[in-house]
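Structure record follows, encoded as structure tokens.
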Amino acid sequence: MATCFMQIIRNRKIVDDDFVTVPNDAALPESGNIFVSLERWRSERDRLSARSGKLGVILQNTVDPREIADDLATFDAIAVHFPIYRDGRAFSVARILRQRLGYEREIRAVGNVLRDQILFMERCGFDAYQVADGKSIESALGGFEDLTVTYQDAIDARSVPRQR
Amino acid sequence: MYTYDEYDQKLVRERAAQFRGQVERRLSGELTENEFKPLRLQNGLYLQLHAYMLRIAIPYGVLSSTQMRKLAEVSRTYDRGYGHFTTRQNLQLNWPKLEDVPKILDELAEVEMHAIQTSGNCIRNITTDPLAGVARDELEDPRPFCEITRQWSTFHPEFAFLPRKFKIAFNASGDNDRAAMKYHDIGVKIVDRDGERGFEIWVGGGMGRTPVISKLIREFLPREHLISYLEAVLRVYNQLGRRDNIYKARIKILVNETGPDEFRRLVEAEWEDTKESSLRLDEAEIERMRGFFSAPDYESLPSSDELLGQIRSGDGALARWARNNVVVHKQPGYSAVTLSLKEPGTPPGDLSDSQMDTVADLADTYSFGEISVTHIQNLVFPHVKTSELESLHADLVALGLATPNIGRINDMICCPGLDFCNLANARSIPIAQEITERFEDIDYQDDLGELALKISGCINACGHHHVGHIGILGIDKRGVEHYQLMLGGSAGDDASIGKILGRSFPAEEIVEAVERVLKTYVDLRESPEEAFLQTFRRVGEDPFRDTLYGDVLYADHSKS
Amino acid sequence: MPNVPTCYVITGSLTEEGLVAYLRADGTWASSIADAHPFESEAEAEARLAEVKGAESIITEPYVFAAERSGDTIRPTSAREILRAEGPSTRLRRPDHAAS
């Protein structure tokens, strides 16, 4: 595979993606940062732990992250998949990872990731975004600025009632 | 009432600007209709049968005269000079153009209004008793908690894309529920236990194609945990609610599938982890919210119960109106007045722009500039001096809003139906109008007494037909409009779901069928004081089925 | 039943205004069903619909419905399409009692 990096948004900046996603049926690359599915992590845990690059795991939005609480320290990044942007389960998954389980490294939104949800994603604990194919990453960046007033605490404790 | 500060103001302005951008991206082709649709819906913009429809939020039904004037102006400038008040205490405009909607939102923002979350699979407008703050039977004004809940739910980042829409209602008046609380996804009932004020939490009620009465999930929730508990319910629903079938996606289905006990266990487990978080409400915030809903500057007057009794005991139009459309008030010397939007010949819930303007003026003159919207699609002036009822009555007569039919058969709930709605199977408004004309005789209506008739143009049940004492459901039989009749529903604390007794009727027969039901009731009631619902519950459905389908005329032999 | 010839009409809502529109023979959109192009067969109408669906910034949610045709007149048969063609059957606004 050629080293042609995709661009992602990380911490509200456009950067080259330093991870590649390895499909379940592809061989593991010797080095480099990779994302693998949760199933692959479960079946190839030892090999994956022994690799040199960073390791990320991709969660479907139906997973209860509490099931992998004990493994979280192993992951350098967790991607949560949006099969379609209007399926809101991944918001809860990210929030549980950040707030309940105290996961502090990258949580990345992948799949049907669009500008108009990106701010909500951030407020639920995502900090990296792989914008949907065919959609402008620059336009998506504008989504963070659309709304600045937040009425409720999410992972941020900056709701209006506490500012008043 | 609640007034915006700089944060609230900024939020609605930013929202209008965001929507302007979304409309531009739609018109430029950057957004497909499939991508745009959920965005416009979260701003209350539907595409209906003839045009776009904009649903404007009226949080818990409270409007100021200034806001009413703005609604008049917007209806006049950007629509066809009228608006439609809904069962969720909102207002719908039936003809806005897409390109005008951002302008309308800017105009609304000027008077602290918006269309946020009036549709879409998110937490919708919070609703409550239209008599909140003035009802004698309430434990306390529920609106501070409604506003706290409104703010928490507005742009909640985790719950913007739920399996399905989500409706929350508050009731503070014990058994006298005037908010149909048990037919909401969550019903919050303000209660006292051992001297402590708190909430009962009811979950999983709803109408639609599967009507369900909600279940009591928590018997007592201390006040400070309101938001953390709501959040726990929503998180369980967001994760476990069905997304494979739109008709099984409401929380009522989840609660039915898990059973209330398992659902309670899931929520409580979730809540255990969050209840001591920053979501805990502090007393200062509750007090701050209460401050917005403090009583207006009432005059210090003696009790007017006797005066109201005198007015009611007359035999003219004023007396009847005072009996049917006026209720007693917490504050001595004052009454609460319902303005009927059920004038014969007009679509239930509709108000013209100039009527809106005049209603605003009258609210300033008689009701401290306050108006509330009822879920039965009427308006209320909550604070009218009893000594000024006569004068207000004359003004409302001139405006066509003094029809003395509140609580009567003609005070119906009616959805827009196939005349306007993209989902409807049959028309509702013409049926409502025919009923209104058939039973226009107000003496007959008064003789029938308390009667709730509700009409929906399809099984989505926007017209609450399941909970009408008499419910009418429009269906499509091979392209022809037909109507199912159901009896015995109730939206109150004694909630019950109406029963279908037999085949449906074509449009030209449905009003006749209603009339036969009414005659049967009059014949069977034990006394004029026994209301329709009581009679139906006492005698059961058989006599009504016979009269509807069996050509049995009870009038011939049941008189005693 | 008399044998009424059937035709097929393409309709949708104009994206900017939201108003009902019918496809003319020349590919533009008319507000009146009288100006609609009556397709002879459903297959022909569906094929044309597929092309129309690309013009989302002009027309939203287009679809085909069957109508009766007698001479030059196209008559929808379902209650829904009759109301779309003719507008609401109820009076649009309340009688205006207000002074101003």
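In the text below, chain A, chain B and the rest are named by the order of the sequence lines, each starting its count at 1.
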Fill in the blank from the handout: Bottom line for B/Leu11: the part with an atom under 4.5 Å from chain A's heavy atoms is both
Practice task
Check the angle between the aromatic planes of B/Trp152 and B/His156 and answer parallel, tilted or perpendicular using the 30° and 60° thresholds.
Solution key: perpendicular
Problem - Which portion of B/Arg13 sits near chain A, non-hydrogen atoms under 4.5 angstrom - result: neither
Handout entry: B/Phe166/B/Phe159 under ring pair (Phe, Tyr, Trp, His ring centres under 6.0 Å): CA gap, chis, key distance, verdict
Key = CA-CA 10 Å; B/Phe166 204 92; B/Phe159 306 133; 8.6 Å; no
Exercise for the section: Go through the atoms of A/Thr148 and report whether side chain, backbone, both or neither lie under 4.5 Å from a heavy atom of chain B. Expected result: both
Practice task
Could you tell me how the ring of A/Phe91 sits relative to the ring of B/Phe161: parallel (under 30°), tilted (30 to 60°) or perpendicular (over 60°)?
Solution key: parallel
Completion exercise
Greatest number of non-hydrogen atom pairs under 4.5 angstrom with chain B, of A/Lys135, A/Arg95, A/Gln99, falls to A/Arg95
Practice task
Please state whether the side chain, the backbone, both or neither of A/Leu119 comes within less than 4.5 Å of a heavy atom of chain B.
Solution key: neither
Handout entry: Interface moiety of A/Asp87 toward chain B, non-hydrogen atoms closer than 4.5 Å
Key = both
Handout entry: Which atoms of A/Arg89 approach chain B - backbone, side chain, both or neither, heavy atom under 4.5 Å
Key = both
Practice task
Name the member of A/Ser92, A/Gly134, A/Gly143, A/Ala94 that forms the most heavy-atom pairs with chain B at distances under 4.5 Å.
Solution key: A/Ser92
Exercise for the section: Side chain from CB out, backbone as N, CA, C, O: work out which of these in A/Glu122 comes under 4.5 Å of a heavy atom of chain B, or both, or neither. Expected result: neither
Problem - Residue that, paired with B/Phe145, satisfies ring pair (Phe, Tyr, Trp, His ring centres under 6.0 Å) out of B/Phe170, B/Tyr60, B/Phe199, B/Phe292 - result: B/Phe199
Handout entry: A/Asp146 CG to B/Phe19 CZ distance, which is reported to the nearest 0.5 Å
Key = 12.5 Å
Exercise for the section: Please flag which part of B/Glu231 lies under 4.5 Å from any non-hydrogen atom of chain A: side chain, backbone, both or neither. Expected result: side chain
Problem - Region of B/Asp8 in contact with chain A, defined by heavy-atom distances below 4.5 Å - result: both
Problem - Option in B/Arg150, B/Glu35, B/Arg15 with maximal non-hydrogen atom pairs under 4.5 Å from chain A - result: B/Glu35
Handout entry: Candidate list A/Ile8, A/Ile14, A/Ile9, A/Asn112, test side chain to side chain contact (heavy atoms under 4.5 Å, CB included), partner A/Val131, passing option
Key = A/Ile9
Practice task
Might you work through the salt bridge (Lys or Arg N to Asp or Glu O under 4.0 Å) test for B/Arg264 and B/Glu268, ending with a clear yes or no?
Solution key: CA-CA 6 Å; B/Arg264 179 182 302 115; B/Glu268 299 272 330; 5.9 Å; no
Handout entry: Parallel, tilted or perpendicular, as decided by the 30° and 60° cut-offs, for the rings of B/Phe155 and A/Phe120
Key = tilted
Handout entry: Interface moiety of B/Glu285 toward chain A, non-hydrogen atoms closer than 4.5 Å
Key = side chain
Practice task
Could you grab the distance from atom CD1 of B/Ile104 to atom CD of B/Glu99, nearest 0.5 Å is fine?
Solution key: 10.5 Å
Handout entry: Atom group of B/Glu30 that falls short of 4.5 Å from chain A, counting heavy atoms
Key = both
Fill in the blank from the handout: The interface call for B/Thr274 against chain A, heavy-atom contacts under 4.5 Å, is side chain
Problem - Aromatic plane relationship, B/Tyr2 with B/Phe293 - under 30° parallel, 30 to 60° tilted, over 60° perpendicular - result: parallel
